[in-house]
Amino acid sequence: MQQNRKLSEYKKLYRLYEAGTVFTAFDTETTGLRPIDSTIIEIGAIKFDKNGEISQWSSLFNPGTSIPLQISQITHITNQMIDGKPAISELLPDFLTFLGDSVIVAHNAQFDIDFLNSECARNGIKRTNNSFIDTLQFSRAVFPNLPHHRLDFLADYFNIDKGSSHRALDDARTCMNLFKKCMYPDGESGQQFLF
């Protein structure tokens, strides 16, 4: 079984970015914390390169069960919102096509990738093996003296517009902008971060 490969050599990451590599910032909202007994109820993704946003992909999914109250309180996704929405199995191939061979960017990336690959396995679809960058780890490397590295905290600290936190597309956009901040801590015209 092929594994997703984490990109943690940041000099290489910088070279990839400057060479025009396509990245996809993505986020999932789920019915719980464990892929073994929880499912994805929303995916949001933004494909981008060094020149800016290329395209976006977003959908709610009906998990076939009620969304737990505590999840609705965090995400503001209600059972009424998913009523009549497709099952993830209907749109997962389309999302994987959108993802293509781009480099995945996510905050606490292993969580989202594990959920995505679990959904692939449940639906008899080949799992993704895209390389990925975890902005949680990236931000810790670039900004080690900050007291927290949660996405909400970093967005507030760097004045990144969060939109609606804990909604997948807005969190994906926040993650994309955090990735760019980590690439160029002093702004795109300033010095890039290199070890």
Side-chain angles (χ1 to χ4, degrees), residues 1-6 24-46 56-99 102-140 148-156 160 162-179:
M1 174 175 23
Q2 288 185 313
Q3 296 290 320
N4 296 89
R5 185 171 53 88
K6 181 178 177 183
T24 300
F26 101 110
D27 184 63
T28 61
E29 302 302 336
T30 65
T31 59
L33 297 176
R34 301 180 330 152
I36 194 168
D37 55 15
S38 303
T39 60
I40 295 175
I41 54 174
E42 186 176 38
I43 292 176
I46 300 175
Q56 62 183 34
W57 195 101
S58 179
S59 183
L60 286 167
F61 307 104
N62 189 324
T65 60
S66 293
I67 299 173
L69 178 60
Q70 66 270 27
I71 298 298
S72 287
Q73 290 172 337
I74 294 168
T75 64
H76 305 292
I77 299 172
T78 65
N79 288 302
Q80 291 78 14
M81 290 169 66
I82 57 148
D83 187 38
K85 295 297 182 188
I88 193 168
S89 59
E90 296 179 47
L91 294 179
L92 192 53
D94 185 62
F95 175 67
L96 295 173
T97 297
F98 174 84
L99 193 59
S102 62
V103 176
I104 293 171
V105 177
H107 204 73
N108 193 21
Q110 200 63 60
F111 176 90
D112 298 289
I113 290 170
D114 286 349
F115 262 94
L116 181 61
N117 284 327
S118 290
E119 295 290 2
C120 288
R122 268 195 284 270
N123 290 285
I125 298 171
K126 183 180 177 184
R127 57 174 276 153
T128 174
N129 64 351
N130 297 52
S131 297
F132 70 94
I133 179 71
D134 184 349
T135 53
L136 175 62
Q137 299 301 323
F138 195 14
S139 66
R140 285 176 175 161
H148 305 288
H149 291 88
R150 295 184 311 271
L151 188 60
D152 278 351
F153 173 84
L154 293 169
D156 289 339
I160 295 170
K162 295 184 292 187
S164 296
S165 290
H166 300 294
R167 289 302 304 272
L169 187 61
D170 286 335
D171 281 355
R173 179 168 279 108
T174 302
C175 187
M176 173 185 72
N177 289 324
L178 175 61
F179 170 83

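Numbering starts at 1 and runs along the sequence shown. Computed from a predicted structure; not experimentally measured. Excluded from the calculations below are hydrogen atoms, water molecules and symmetry mates; all remaining heavy atoms, backbone and side chain alike, are included.
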Ring pair (Phe, Tyr, Trp, His ring centres under 6.0 Å) partners of His148, counting only residues at least two apart: Phe153
To the nearest 0.5 Å, what is the distance between [atom1] on [X] and [atom2] on [Y]?
{"X": "Ile40", "Y": "Ser59", "atom1": "CD1", "atom2": "OG", "value": "11.0 Å"}
{"X": "Ile36", "Y": "Asp114", "atom1": "CD1", "atom2": "CG", "value": "11.5 Å"}
{"X": "Ser118", "Y": "Asp37", "atom1": "OG", "atom2": "CG", "value": "10.0 Å"}
{"X": "Thr128", "Y": "Phe26", "atom1": "OG1", "atom2": "CZ", "value": "8.0 Å"}
{"X": "Gln56", "Y": "Leu169", "atom1": "CD", "atom2": "CG", "value": "5.0 Å"}
{"X": "Phe115", "Y": "Thr28", "atom1": "CZ", "atom2": "OG1", "value": "6.5 Å"}

Test log, rule side chain to side chain contact (heavy atoms under 4.5 Å, CB included), inputs Asp152 and His166: CA-CA 9 Å; Asp152 278 351; His166 300 294; 3.8 Å; yes
Ala109: partners by side chain to side chain contact (heavy atoms under 4.5 Å, CB included), with sequence neighbours left out: Ala106, Ile113, Phe132, Asp134
Is the backbone of [Y] close enough, under 3.5 Å, to the side chain of [X] for a donor and an acceptor to pair up by distance?
{"X": "Thr135", "Y": "Phe138", "result": "no"}
{"X": "Glu29", "Y": "Thr75", "result": "no"}
{"X": "Asp27", "Y": "Gly44", "result": "no"}
{"X": "Ser139", "Y": "Leu136", "result": "yes"}
{"X": "Thr31", "Y": "Thr39", "result": "yes"}

Criterion side chain to side chain contact (heavy atoms under 4.5 Å, CB included) on Leu154 and Ile160, from CA distance to verdict: CA-CA 8 Å; Leu154 293 169; Ile160 295 170; over 6 Å; no
Minimum heavy-atom separation for [X] and [Y], please, with both atom names.
{"X": "Met176", "Y": "Ile46", "answer": "SD-CG2, 3.8 Å"}
{"X": "Cys175", "Y": "His107", "answer": "SG-N, 3.6 Å"}
{"X": "Gly32", "Y": "Ser38", "answer": "CA-OG, 3.2 Å"}

Contacts of type side chain to side chain donor-acceptor pair (under 3.5 Å), residue Asp171, not counting sequence neighbours: none
Pairing residues for Thr174 by the side chain to side chain donor-acceptor pair (under 3.5 Å) criterion, not counting sequence neighbours: none
Between [X] and [Y], is any pair of side-chain heavy atoms under 4.5 Å apart?
{"X": "Asp156", "Y": "Lys162", "value": "yes"}
{"X": "His76", "Y": "Met81", "value": "no"}
{"X": "Leu116", "Y": "Leu99", "value": "yes"}

Check: residues 60-74 side-chain donor-acceptor pairs under 3.5 Å, at least two apart:
residue, atom, partner, partner atom, Å
Asn62, OD1, Gly64, N, 2.8
Asn62, ND2, Ile82, O, 3.3
Ser72, OG, Ile77, O, 2.7

Other residues, nucleotides, ligands: >12 heavy atoms within 6.0 Å of Arg34 CZ: no
Name the atoms and distances for all side-chain donor-acceptor pairs under 3.5 Å in residues 84-94, with sequence neighbours left out.
residue, atom, partner, partner atom, Å
Glu90, OE2, Ala87, N, 3.4
Asp94, OD2, Trp57, NE1, 2.7

